[in-house]
Structure formats: structure tokens, C-alpha cells
Amino acid sequence: MEQETKRILIIGGGYGGLKVALGLQRQYQGNAKITLISKHDYHYQTTLLHKVAIGTLSARKARIYYRKILNPQKVEFIKDKIKKLCPKENKVIGNGGEYSYDYLIIGLGFKPDNFGISGVDQYTYKLSSLNAALKLTKNIENKFKEFVHTKNPKDLQVIVCGTGFTGIEFTAELATQLDELCLICGIDRKIPKITCIGRSKHILPVFNENLVQTAESKLEALGVEILSSATIKEIQEGKVIVEKEGQTQEIYGNTIIWSAGVKGSDIVENSEIPNKKGRIKVNAKLQCEDFPNIYVVGDCAVVASKDAIHAPTAQLSAQMGDYIAELLCAKLENKAFDKIFKFNHRGTVCSIGHTDGVGIVYHKNVKGEMAAFMKNTIENKWLYSIGGMDMVLKKGQFRYRTSN
Ligand SMILES: Cc1cc2nc3c(=O)[nH]c(=O)nc-3n(C[C@H](O)[C@H](O)[C@H](O)COP(=O)(O)OP(=O)(O)OC[C@H]3O[C@@H](n4cnc5c(N)ncnc54)[C@H](O)[C@@H]3O)c2cc1C
């Protein structure tokens, strides 16, 4: 006998999963049971973790509590960490119990990829979650505060592995705060050093030459050393071993950040669902072909059609979430739904500190204050979409920061 009340289970409350939950909350009027499970009580903007890591965005401001934005009459929120997916039994297992579903939406996000390089897991900090970013904040704060006693210059040498978005946004945020940190801690500004290591010839490979050159000269003006065309071979405590032009070099620093690449969720990776490094190939309706009652959003999904392969981003994840909410709504109401998922790429901006940046918005290059303004607009637009103007005013990013 067919069950009357359908159970929709969304796992992971990031850009993708949260958008599915909020979309259903807004659009769906029926009696299906909708549940969102995520491992924390709060959502955070992953795209701002570099600010959390430097302390320019407080943890309090970064946390957006699910129970404040979800209506329990429509979407139940459960805080639990999912341990296992059982797609053949239509259930998932968490620390707190088992959860059965008729439709499952996987939005478990990403994990740093160590590419099998020795030492990455042991000796590096990552920007993979709010807690991981907070660990890094504490470390940087302690290293600067304690320098008066340790007098070890390596404590003020930071190495960033990876010259993509995450690495560059973090590097720039730190570099723009160094004057302030040195002033507060009574440190000679010439001592701290940031080295950014990248495999490609230039930083930010997603951008055109003009933007890349602008970004590189802005970073150099901030005193950042960029080591390009360098392959990281190994990481040891306090040093990164690289190969550049056939020569081995050792770069020293007691804070090493790993931002060289990400993969999908390890829960997905270890599941029976066919996947590549935690990413599931989905069709144009974001459906898992082997298990048609499973949909995948965000960094755990790879859209299979050739013309729809995009780098995993928050923008893509959110649009996937909106699409799935619309699709499920139609499905639950037994309405036809022929639309396929199409990504509308509006642009990308990389911040260089709080008031500078480079990017492409609606196919046009933007730089400087304008780029920073666009970056803040993108972040605030996300907040508006999940909590309206109130949320923007409470948690938004504006030209002037109050935290200093
Ligand atoms: C520092 C940084 C800067 C970035 N900047 C940009 C940018 O400027 N623009 C852009 O578009 N993209 C950016 N990205 C990429 C973007 O953040 C990701 O593509 C996006 O977060 C993916 O969304 P998602 O919904 O798939 O996963 P996430 O947003 O990562 O959410 C995953 C959710 O699942 C939960 N979860 C994970 N595992 C479990 C589990 N086992 N059980 C229960 N819950 C779990 C997590 O707590 C989280 O709530 C950046 C990423 C980083 C790290």
C-alpha cells in the first residue's frame, strides 16, 4: 500500500540543502513531512570563512541558526551528524538514529582534498568549516600575542598552499590586517611574512589575464610573496617542500594553510552510491541515475551533461537548491515538471581584503572598491534570500566594519 504522507529528507544545511528546505517551506502547501538534518544548529556562509579565520568576521555574526529561519510547522530541523547512507533501504544513519525517506536530497558539501600528499592532514589548517576557521583564528592570534616571548620569526611566517579563490581571499584578508596585528602586539611590521604557493603560472586561474595581473600586483603591494609554477611534494611540521623548475625548495613557516583543492563529502565517498571522490553524477534533473529517489545539490553533485559542467560554487549550489524545491513541489502535488536544471552564471568576485577585489560580473571585469561592493552585494543577496532584510541588517557585509 502506498504511503500517504511522503517523507522528504534533506541532509546538509549549506547553500544547496538550505535552499531546498526554504523553497519547500515557501512553496509547498501539502502534508508531506519535510526534514532537514545538519550537523550543527547553524548555517554559515562558507564564502566568508576566510574572514572568520582572520577574526574580521566574528563567529557570532557568522552563525545563522536554522530554527530562526525554518518554520517547524513546515520543515522539521534535526541536528545530527550523518554517518552512513543506505540507498537500497531508503534510509540514512546518523549519530542520533536512523532516518527513512521517500525522497532524499544530499547536500553534504565538500572536504579538503589532500591529493595523497604526505603531511597535509597532520600539519595544515583548513578553511573547510566554521570550526576549522576558528581554530585557525586562535592559532594566528596566539602566534602574534606570544611573539613577545617566543621571538621565533617562523611563528609569524604563514604559508598558504593553493592560489585559487580560497587561498587568495585568505591571503589578502590576512595581509590587509597585518599592520593592525603588528601594532596591537608591538611587532616590527617587517617580521611577518606570507608566502602563497601555487601550481599554475598565475593565481586565480578562473580569471582573465587582466584581472590576474591586477590581483597579483595588489598582493605584491601588500607584501605577499607568490611562488607560482611550484608543485608541493610534502608537508612537514613548520615547512613545505616544493619542486620548482626541477629544483627542490623548502619554505618555512609555523602556520600552514591547505587550500589547494576540495572534493565531495566523505560520507558520499564511502557509500554504495556510485561517485568520484564524493561527487555523484546526476542527470539534468539533478537526480542520481542509480537511485532515482535521490537528488543531489551543491559540491556533492556533478551534472553529467557536457554543456553543464561548472566549478562547484555557492552560487551553483543555491540555484540547484531552488530548482530541487520547485521540482519536488511539483512531484508532491502530482504535477508535470519538464524543466531541466540550467545554471545562470551571474559572475564571480574574489575579495582582496575588505575594500578591494577583482571579478567578473555579468561578463564585465570589476576591480577595486567596485569589486568589493559587488562581493558584499552577493553575500547580502544570499542573506536576503534566506531571511529577508532583517537578516541582511543583522548579518550583512557593508563597506565599513564595526569590529575594529
Ligand atoms: C573559504 C571559501 C571561500 C569560498 N568562496 C566562494 C565564493 O566567493 N563564491 C562561491 O560561489 N563559492 C565560494 N566557495 C565555494 C562554496 O562555499 C561551496 O561551493 C559551497 O559552500 C557548496 O555548498 P553546499 O551546499 O554543497 O555545501 P556547504 O555549503 O559546504 O554545506 C554543507 C552542509 O552539510 C553539513 N554537513 C556536512 N557533513 C555532514 C554530516 N556528515 N552530517 C550532517 N551534516 C553535514 C555542513 O555542516 C553544512 O551545513 C568558497 C569556499 C571556501 C571554503
Side-chain angles (χ1 to χ4, degrees), residues 9-21 36-54 57 63-64 66 77-85 92-96 99 105-112 125-133 136 160 162 164-173 204 206 257-271 278-280 296-302 310-321 324 343 345-351 357 359 371 374-376 378-379 381-382 397:
L9 184 61
I10 307 158
I11 51 172
Y15 291 89
L18 184 56
K19 268 293 187 146
V20 179
L36 170 69
I37 301 180
S38 209
K39 64 179 171 184
H40 303 294
D41 286 308
Y42 52 83
H43 166 78
Y44 50 85
Q45 284 163 279
T46 317
T47 53
L48 293 177
L49 285 181
H50 57 286
K51 290 182 191 256
V52 176
I54 306 300
L57 175 67
R63 290 190 181 105
I64 298 165
Y66 293 116
F77 172 71
I78 299 175
K79 180 190 165 190
D80 198 359
K81 184 170 178 179
I82 302 302
K83 293 189 301 189
K84 194 172 177 208
L85 310 178
V92 303
I93 303 173
N95 284 334
Y99 309 91
I105 296 88
I106 301 176
L108 294 174
F110 66 93
K111 278 270 176 286
Y125 289 89
K126 284 105 192 155
L127 286 172
S128 51
S129 67
L130 187 66
N131 286 336
L136 183 50
V160 181
F165 247 72
T166 308
I168 295 303
E169 288 199 315
F170 171 82
T171 300
E173 191 73 17
L204 299 171
V206 293
I257 290 96
W258 185 254
S259 56
V262 294
K263 55 182 186 170
S265 149
D266 47 357
I267 307 298
V268 170
E269 196 170 12
N270 300 326
S271 77
R279 291 199 160 118
I280 301 168
V296 194
V297 288
D299 286 7
C300 287
V302 179
H310 305 285
T313 59
Q315 191 186 162
L316 174 63
S317 308
Q319 288 184 27
M320 285 173 151
I324 294 287
F343 177 47
H345 192 197
R346 297 186 185 107
T348 316
V349 181
C350 176
S351 65
M374 291 314 296
K375 177 85 182 176
N376 287 348
I378 293 167
E379 300 301 346
K381 193 166 171 277
W382 168 251
Q397 296 292 312

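Both ligands and their constituent atoms are indexed starting at 1 by order of listing.
Note: Tyr15 and His43 have perpendicular aromatic rings, judged against thresholds of 30 and 60 degrees for the angle between ring planes. The aromatic rings of His345 and Phe343 sit parallel to each other, their planes meeting at less than 30°, with 60° as the upper class boundary.
Residues meeting the side chain to side chain contact (heavy atoms under 4.5 Å, CB included) test with Thr171, sequence neighbours left out: Val160, Ile194, Cys196, Leu219, Val224.
Using a 4.0 Å cut-off between charged side-chain N and carboxylate O, Glu379 and Lys51 make no salt bridge.
When atom types are taken as modelled, the side chain of Asp80 and the backbone of Asn95 share a donor-acceptor pair closer than 3.5 angstrom.
Residues of the protein with a heavy atom under 4.0 Å from ligand 1 are Gly12, Gly13, Gly14, Tyr15, Gly16, Ser38, Lys39, His40, Thr46, Thr47, Tyr66, Asp80, Lys81, Ile82, Gly107, Leu108, Gly109, Phe110, Leu127, Phe165, Thr166, Glu169, Ile267, Gly298, Asp299, Pro312, Thr313, Ala314, Gln315, Ser317, Lys375, listed by chain and number.
Contact annotation: the side chain of Lys375 approaches that of Glu169 to within less than 4.5 Å [non-hydrogen atoms, C-beta and beyond].
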